[in-house]
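Report on the structure given below.
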Amino acid sequence: MPPAERKTASSPTASGGVQSLERAFDLLERMADAGGEVGLSELSSSSGLPLPTIHRLMRTLVACGYVRQQPNRRYALGPRLIRLGESASRLLGTWARPYLARLVEETGETANMALLDGDEVVYVAQVPSRHSMRMFTEVGRRVLPHSTGVGKALLADAPAEEVRALLARTGMPAATERTITTPDGFLAALEITRDRGFALDDNEQEIGVRCIAVPVPDSPTAAAISVSGPAGRVTDTATEKIVPLLQEVARELSGALASNGSTAG
């Protein structure tokens with residue numbers, strides 16, 4: 001997913017310390033967009049800020065532990081960001097719950113939200129179905145992307161070489177006899193996902209369970225929501241009704257996440 005458009009860090013904004021704060025966060029986001037490690041000249045080129053300004057901001061971020069300087073003199077995102085990210089991920093799940101509740105209300109099936117954390121999918125929110133059927137998904141559970149609908153939704157727009165590299169790192173163990181276990185097969189499934197606008201896990205993670213998933217567009221971190229249930233209820237006919245609802249809820253959730261909610265004057 002391409003990074004959201006941002007104004008350059010040199011654009012007019014509040015003065016003094018607030019401007020420095022805006023610029024520091026902008027640099028952190030640009031570092032993340034670049035893969036987590038950049039040089040000062042790259043940051044200067046992308047942000048429009050002069051090198052001395054960037055150097056001063058980076059010194060502060062290094063001192064606080066949010067950035068670290070590598071032996072090659074380039075700068076990398078620092079370990080203190082991990083704690084912030086983990087806390088934000090938990091909150092993301094909390095914010096998503098009302099939207100998942102709507103999915104359960106209108107479909108009768110379990111609704112989930114998942115994020116891509118490194119090479120794994122982690123479930124961060126769930127509203128269970130009213131039906132008494134327990135499935136493998138639960139908040140906090142980590143799974144490999146190749147066997148899940150949310151994994152396909154999260155990776156649908158990723159470059160093929162990145163997907164192949166991820167699969168090489170994780171392997172593709174079979175959770176069931178329906179699990180896709182070859183990179184070519186998974187890439188073909190991602191192409192189908194892109195073409196039809198949703199991902200499907202058809203007994204691939206758990207026999208007897210189907211899962212329909214879509215990405216949350218423009219999410220600050222790669223996220224997907226899904227509806228899962230017994231294959232006898234989540235049929236092709238049911239899927240035709242569930243997909244438009246999933247896509248609508250994903251757009252609404254995206255809009256809620258994009259809102260800064262600021263009321264400060």
Side-chain angles (χ1 to χ4, degrees), residues 1-4 32-33 35-36 89 92 96 103 109-125 135-137 141-207 209-229 231 234-236 238-240 242-251 253-254 257:
M1 181 181 299
D33 293 343
S89 294
L92 194 61
L103 289 172
E109 306 298 345
T110 296
N112 307 283
M113 182 180 192
L115 308 179
L116 191 62
D117 184 17
D119 291 342
E120 297 178 317
V121 169
V122 58
Y123 290 91
V124 296
M135 288 173 286
F136 85 98
T137 53
R141 178 152 188 179
R142 292 175 175 270
V143 294
L144 299 181
H146 72 281
S147 60
T148 62
V150 286
K152 293 173 188 172
L154 288 165
L155 293 174
D157 291 326
E161 61 272 19
E162 290 184 13
V163 174
R164 288 186 183 276
L166 182 153
L167 297 175
R169 292 189 297 269
T170 64
M172 301 184 71
T176 75
E177 65 266 24
R178 299 288 296 273
T179 305
I180 300 170
T181 56
T182 66
D184 286 343
F186 189 66
L187 287 170
L190 294 186
E191 184 175 358
I192 292 171
T193 296
R194 288 192 297 272
D195 288 344
R196 66 187 175 189
F198 69 93
L200 180 65
D201 158 14
D202 189 2
N203 295 270
E204 296 163 47
Q205 176 64 45
E206 186 174 3
I207 289 296
V209 175
R210 296 183 95 205
C211 175
I212 308 159
V214 299
V216 178
D218 301 319
S219 173
T221 187
I225 58 174
S226 68
V227 166
S228 54
V234 186
T235 61
D236 289 342
T239 298
E240 292 178 3
I242 292 172
V243 168
L245 176 63
L246 257 178
Q247 292 171 333
E248 178 183 338
V249 171
R251 288 192 297 269
L253 177 56
S254 172
L257 295 176

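The analysis underlying the following values was restricted to heavy atoms, covering all of them including side chains, and did not include hydrogens, waters or symmetry mates.
Summarising the geometry, atom OG1 belonging to Thr239 is positioned 6.0 Å from atom CZ belonging to Phe198; distances are rounded to the nearest 0.5 Å. To the nearest 0.5 angstrom, Glu204 atom CD is 10.5 Å from Thr181 atom OG1. For the atom pair OG1 of Thr235 and CD of Glu240, the computed distance is 8.5 Å after rounding to the nearest 0.5 Å. Here CD1 of Ile225 is found 9.5 Å from CD of Gln247. Values are rounded to the nearest 0.5 Å.
The minimum heavy-atom distance between Ala231 and Asn203, with the atom names listed, is CB-ND2, 4.3 Å. Closest approach of Pro217 to Ala250, counting heavy atoms only: CD-O, 3.7 Å. Here the shortest heavy-atom pairing between Leu166 and Pro145 reads CD2-CG, 4.1 Å. Nearest heavy atoms, Ser226 versus Cys211: CB-SG, 3.5 Å. Nearest heavy-atom pair across Leu190 and Leu155 is CD1-O, 3.6 Å. When all heavy atoms of Leu115 and Ala223 are compared, the pair lying nearest together is CD2-CB, 3.5 Å.
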Step-by-step side-chain contact (heavy atoms from CB on, under 4.5 Å) determination, Asp201 to Arg210 | CA-CA 6 Å; Asp201 158 14; Arg210 296 183 95 205; over 6 Å; no
Give the intermediate values and the outcome of side-chain contact (heavy atoms from CB on, under 4.5 Å) for residues Val143 and Tyr123.
-> CA-CA 9 Å; Val143 294; Tyr123 290 91; 3.9 Å; yes
Derivation and outcome, side-chain contact (heavy atoms from CB on, under 4.5 Å), residues Leu167 and Phe186 | CA-CA 9 Å; Leu167 297 175; Phe186 189 66; 3.8 Å; yes
Can Glu109 and Val234 be said to form a side-chain contact (heavy atoms from CB on, under 4.5 Å), step by step?
-> CA-CA 8 Å; Glu109 306 298 345; Val234 186; 4.2 Å; yes
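Contacts of Arg169 classified as side-chain hydrogen bond (donor to acceptor under 3.5 Å, both in side chains), with partners at least two apart in sequence or in another chain: Asp119.
Although no hydrogens or angles enter the test, the distance criterion places no donor-acceptor pair under 3.5 Å between the side chain of Ser219 and the main chain of Val216. Using modelled atom types, one side-chain atom of Lys152 and one backbone atom of Leu200 make a donor-acceptor pair closer than 3.5 Å. With hydrogens and angles ignored, the 3.5 Å screen pairs a side-chain donor or acceptor of Thr193 with a backbone N or O of Ala189. The backbone N or O of Pro173 lies less than 3.5 Å from a partner atom in the side chain of His146, making a donor-acceptor pair.
Side chains of Leu154 and Val121 form a contact here, defined as non-hydrogen atoms less than 4.5 Å apart. Side chains of Thr110 and Val227 form no contact here, defined as non-hydrogen atoms less than 4.5 Å apart. The side-chain heavy atoms of Val150 and Asn112, taken from C-beta on, include no pair separated by under 4.5 Å.
Between the side chains of Gln205 and Ser147, at least one donor N or O lies within less than 3.5 Å of an accepting N or O.
Counting only residues at least two apart or in different chains, salt bridge (charged side-chain N to carboxylate O under 4.0 Å, His left out) contacts with residues 172-191 comprise Arg164-Asp184, Arg178-Asp202.
With salt bridges taken as basic N to acidic carboxylate O contacts below 4.0 Å, none links Arg251 and Asp218. Ion pairing between a basic and an acidic side chain is recognised when a charged N comes within 4.0 Å of a carboxylate O; Arg142 and Asp117 show such pairing.
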